[in-house]
Amino acid sequence: MRWTFDASDGGQLTIKTDVTGKASKLGHRLTIAIKSWMAAVDWSGDIPTSVTLTAEVDSLDVVDGEGGVTPLIGPEKILAKSNALKTFDAKRYPQIRYRSDDIAAIENGFSLRGTMEIHGVTLEKTVIVTVADDGTRWHCASENTVRQSDYGIKPYSQMLGAMKVVDEVTVSFEAERTKSSLNPSSR
């Protein structure tokens, strides 16, 4: 049995950045939403056996920017998006992929051990997914740190490095579904 999730289900996949350097007060801490992604969960009975997630890099959208000297508005968001796409080298590496190799039940969710591919580099990555049950819906969430340099990405910088994006970014995933839509026999 397979369940699929994507952004049309109301789920969110976001990246949060921070800034560092002598001129870090000039930079914005960005919230970037990935608008096009798809996750699939394969089941054996009521036990998840594999999880995959594919995100389209060129679907990223800068939705917020905290800090900086001026507010992050239209033209600055467009420039930040352009810089992010260049940093990811989105034309050459259009997708980010995660595939679990092993899933273990833990208190309040699951531990997924698998591989993450970003920028053409594939590394082992363990992801913790929490699952909350309110009786009618399940809420799934995950928050993980990813070091850009581990994947061959040079974090964006300007002013000769006086202001640069911190190497570690936070990747968050959230999805909520009704239990009837998650019932393996209903899919």
Side chains of [X] and [Y] in contact at under 4.5 Å (non-hydrogen atoms):
X      : Y      : answer
Leu53  : Phe5   : no
Tyr151 : Val146 : yes
Val169 : Arg147 : no
Val165 : Gln148 : yes
Val127 : Phe110 : no
Ile106 : Ser111 : yes
Ile103 : Val51  : yes
Val131 : Asn108 : no

Roughly how far apart are [X] [atom1] and [Y] [atom2], rounded to 0.5 Å?
X      : Y      : atom1 : atom2 : value
Thr126 : Leu112 : OG1   : CG    : 8.5 Å
Leu30  : Thr17  : CG    : OG1   : 4.0 Å
Gln12  : Ser172 : CD    : OG    : 9.5 Å
Ser36  : Glu56  : OG    : CD    : 5.0 Å
Leu60  : Leu85  : CG    : CG    : 4.5 Å
Thr54  : Glu117 : OG1   : CD    : 9.5 Å

Testing the 3.5 Å rule here: is there a donor-acceptor pair between the side chains of [X] and [Y]?
X      : Y      : answer
Asp167 : Ser149 : yes
Glu174 : His139 : yes
Thr49  : Asp42  : no
Asn144 : Ser142 : yes

Identify whether [X] and [Y] are in the same connected component of the hydrophobic contact network (ILVMFWY, side-chain heavy atoms under 4.5 Å).
X      : Y      : result
Ile32  : Ile96  : yes
Ile153 : Leu13  : yes
Met38  : Ile15  : no
Leu160 : Met163 : no

Sidechain-backbone polar pair: [X] side chain, [Y] backbone, donor-acceptor under 3.5 Å:
X      : Y      : result
Tyr98  : Gly114 : yes
Asp6   : Ser8   : yes
Thr115 : Glu124 : no

In this structure, which one of Leu72, Leu79, Ile78, Ile73 forms a side-chain contact (heavy atoms from CB on, under 4.5 Å) with Pro75? Ile73
Lys81, NZ atom: more than 12 neighbouring heavy atoms under 6.0 Å: yes
Atom NZ of residue position Lys35 - does it have more than 12 heavy atoms of other residues, nucleotides or ligands inside 6.0 Å? no
Quick one: are the ring centres of Tyr93 and His119 less than 6.0 Å apart? yes
Before we go on, tell me: are the rings of Trp37 and Phe173 under 6.0 Å apart, centre to centre? yes
Taking all non-hydrogen atoms of both residues, which atom of [X] and which atom of [Y] are closest, and how far apart?
X      : Y      : answer
Met159 : Ala23  : CE-CB, 3.6 Å
Arg99  : Thr52  : CG-CG2, 4.0 Å
Asp134 : Thr136 : OD1-N, 2.9 Å

Checking side chain to side chain contact (heavy atoms under 4.5 Å, CB included) for the pair Thr170/Glu143: CA distance, chi angles, key distance, verdict? CA-CA 7 Å; Thr170 303; Glu143 184 173 288; 3.3 Å; yes
Regarding Lys91 and Asp89, does a basic nitrogen lie under 4.0 Å from an acidic carboxylate oxygen? no
